[in-house]
Amino acid sequence: MHKKALLWRGGGLVLLCLLLFVLELLWGNGALPASSVMQLPAMQKILWQIRLPRALAAACCGALLSVGGLLMQTLFRNPLASPSILGISTGASIGVAFVVLVLGGGAWGALALTHHLGWVIAAALVGAALVLLLLLSFAWYLTDNNMLLLMGVMLGYLGSALISVWQYFSRPEQLQAFFVWMMGSFDGLLLEYVPWMLGGSLLLLLAPWFTARQLNLLLMGEDYARSMGISLRFMRRWMVFWAALATALATAFCGPIGFVGIAVPHLTRLLLRSQNHLFTIPFAWLMGAAFCMACDLLSRLFDTYYALPINVVTSLIGAPLVLSIFWRRRKKTLVT
């Protein structure tokens, strides 16, 4: 792609992200007039303690899951690969389920999701970390990416089965609290957690860009990458480690968010008409942030107080997008 076209599309994405971010701040339970946002103390409290963390959570979660999906599709050479395919989201869900369903006892499970979010976030990170350790152990010994993919899928099934057992023996109020968390939300990021979410996201988003050359070589095939001096075992462990951390961070603060890691990488490559990771990685940051902020705004389109669960919106938008992209590729293949 020409530099001029690249700059135009990149600049357009940046402006789109800024516009959506401003709309996130102004749109909610009672729209805030832009001229009076900084005048009333109540408006300032709503802006800084509720809407700013929500907008940052949507942007960071979208960027993390999008780049994670891009890396997983490169590693497994599978267009349907996503960060959740490794079982990390299920690991985070196991941690939250243990706190809410097993240790919940009475109504404490519901309270954990409202007044004790620190426990929920910590439990999600611990659960994801345990699955990550298992995956890294497998990645150390396995030489076949398909076997690693199979291990991740099987860990996800085992974790889902364990959660189902806990749900079977849980009380209705605990099940409701856990179900709400599983639907995903950007409202769970409190102001005091913003530095952790923002700092962790920035570190995780910058790291893959410095390995763009190695990732491009992997696109040419494992044999070619090995002939160019790339350590496939190291790259496999590094990509699994990074995608797992990104998924764990996004899931811990926002719950399991679906379809972002699958749909956005395809949208990014479609926009750029290139698979060069030097460009697709930063464009996936912006595209993922814009996608999740747009989905969050759409979830509040009809009712600004009782918003639709974010997983519903991402699935309603992401599934048709992925189908349309594959249908378009199929038509091009038939023509050629």
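Owing to the predicted nature of the structure, the values given are computational and were not obtained by experimental measurement.
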Is it true that Asp187 and Arg300 make a salt bridge, defined as a side-chain N closer than 4.0 Å to a carboxylate O? yes

Ignoring hydrogens and angles, tell me if any N or O in the side chain of Gln73 forms a donor-acceptor pair with the backbone of Asn78 under 3.5 Å. no

Donor-acceptor contact present, side-chain Arg51 to main-chain Leu26, <3.5 Å: yes

Tell me, do Ser93 and Pro256 make a side-chain contact under 4.5 Å, heavy atoms counted? yes

Could you measure the distance from the CG atom of Leu13 to the CH2 atom of Trp285? Nearest 0.5 Å is fine. 13.0 Å

Intermediate values then yes/no, side chain to side chain contact (heavy atoms under 4.5 Å, CB included), Ile257 and Leu65: CA-CA 8 Å; Ile257 308 294; Leu65 294 179; 3.8 Å; yes

Audit row: Gln176, Arg171, side chain to side chain donor-acceptor pair (under 3.5 Å) steps and yes/no: CA-CA 9 Å; Gln176 183 180 4; Arg171 300 179 181 180; over 6 Å; no

Met154 reachable from Val240 in the ILVMFWY side-chain graph, under 4.5 Å edges: yes

Please tell me if the side chains of Leu25 and Leu47 come closer than 4.5 Å, counting only heavy atoms from C-beta onward. yes

Are Leu132 and Phe234 connected in the hydrophobic side-chain network, where two residues link if heavy atoms are under 4.5 Å apart? yes

What pair of heavy atoms forms the shortest contact from Ala57 to Met197, and how long is it? O-CE, 4.1 Å

Quick one: do Trp8 and Leu267 end up in the same hydrophobic cluster if we chain Ile, Leu, Val, Met, Phe, Trp and Tyr together by side-chain heavy atoms under 4.5 Å apart? no

Heavy-atom side-chain contact between Ile317 and Phe291 under 4.5 Å: yes

Could you walk me through whether Cys17 and Met293 pass the side chain to side chain contact (heavy atoms under 4.5 Å, CB included) check? CA-CA 8 Å; Cys17 287; Met293 286 191 289; 4.3 Å; yes

Distance from Leu270 atom CG to Met287 atom CE, nearest 0.5 Å? 8.0 Å

Donor-acceptor under 3.5 Å (Arg77 side chain, Leu218 main chain): yes

How far apart are the C-alpha atoms of Met151 and Leu86, what are their side-chain angles, what is the distance that settles it, and do they pass the side chain to side chain contact (heavy atoms under 4.5 Å, CB included) test? CA-CA 8 Å; Met151 290 295 179; Leu86 295 174; over 6 Å; no

Of all the heavy-atom pairs spanning Phe259 and Thr314, show the shortest one and how long it is. CB-O, 3.8 Å

Of the non-hydrogen atoms in Ser185 and Ile310, which two are nearest, and what is the gap between them? N-CG2, 3.7 Å

Do the non-hydrogen side-chain atoms of Thr280 and Pro265 ever get within less than 4.5 Å of each other? no

Other residues, nucleotides, ligands: >12 heavy atoms within 6.0 Å of Trp166 CH2: yes

Within-4.5 Å side-chain heavy-atom neighbours: Leu245 and Ile88: no

All heavy atoms of Met235 vs all of Leu215, minimum pair found to be CE-CD2, 3.9 Å

Separation between OG (Ser66) and CD1 (Ile281), nearest 0.5 Å, reads 12.0 Å

Okay, side chain of Trp181, backbone of Val96: is any donor-acceptor separation there less than 3.5 Å? no

To the nearest 0.5 Å, atom CZ of Phe178 lies from atom CG of Leu101 at 5.5 Å

Asn311 side chain vs Met182 backbone, donor-acceptor pair below 3.5 Å: yes

Within the distance-only criterion (no hydrogens, no angle test), does the side chain of Ser324 pair as donor or acceptor with the backbone N or O of Leu321 below 3.5 angstrom? yes

Pick one: which of Val312, Leu316, Leu308 meets side-chain contact (heavy atoms from CB on, under 4.5 Å) with Ser299? Leu308

First locate atom SG of Cys254, then atom CG of Asp296, and finally report the distance between them rounded to the nearest 0.5 Å. 9.5 Å

Heavy-atom donor-acceptor pair, His277 side chain to Thr211 backbone, under 3.5 Å: no

Over all heavy atoms of both residues, which pair between Leu278 and Trp209 is shortest? Give the atoms and the distance, please. O-NE1, 2.9 Å

Joint cluster assignment, Met228 & Phe210, ILVMFWY side-chain distance < 4.5 Å: yes

Would a single hydrophobic cluster contain both Leu16 and Leu271, if residues Ile, Leu, Val, Met, Phe, Trp and Tyr are joined by side-chain heavy-atom contacts under 4.5 Å? yes

Do Val67 and Trp242 pass the side chain to side chain contact (heavy atoms under 4.5 Å, CB included) test, and can you show the C-alpha distance, the side-chain angles, and the key distance before you say yes or no? CA-CA 10 Å; Val67 179; Trp242 186 94; 3.5 Å; yes

Just so I know, are the side chains of Phe21 and Leu56 near enough to count as touching, which here means a heavy-atom distance under 4.5 Å? yes

For a 4.5 angstrom cut-off between non-hydrogen side-chain atoms, does Pro53 reach Trp48? no

Nearest heavy-atom contact between Ala92 and Thr251 is CB-CG2, 3.5 Å

Do Phe179 and Leu175 have side chains that get closer than 4.5 Å, going by heavy atoms? no

What distance do Leu70 atom CG and Thr74 atom OG1 have between them, rounded to the nearest 0.5 Å? 5.0 Å

Look at the side chain of Asn216 and the backbone N and O of Ala212, then say whether any donor-acceptor pair between them is shorter than 3.5 Å. yes

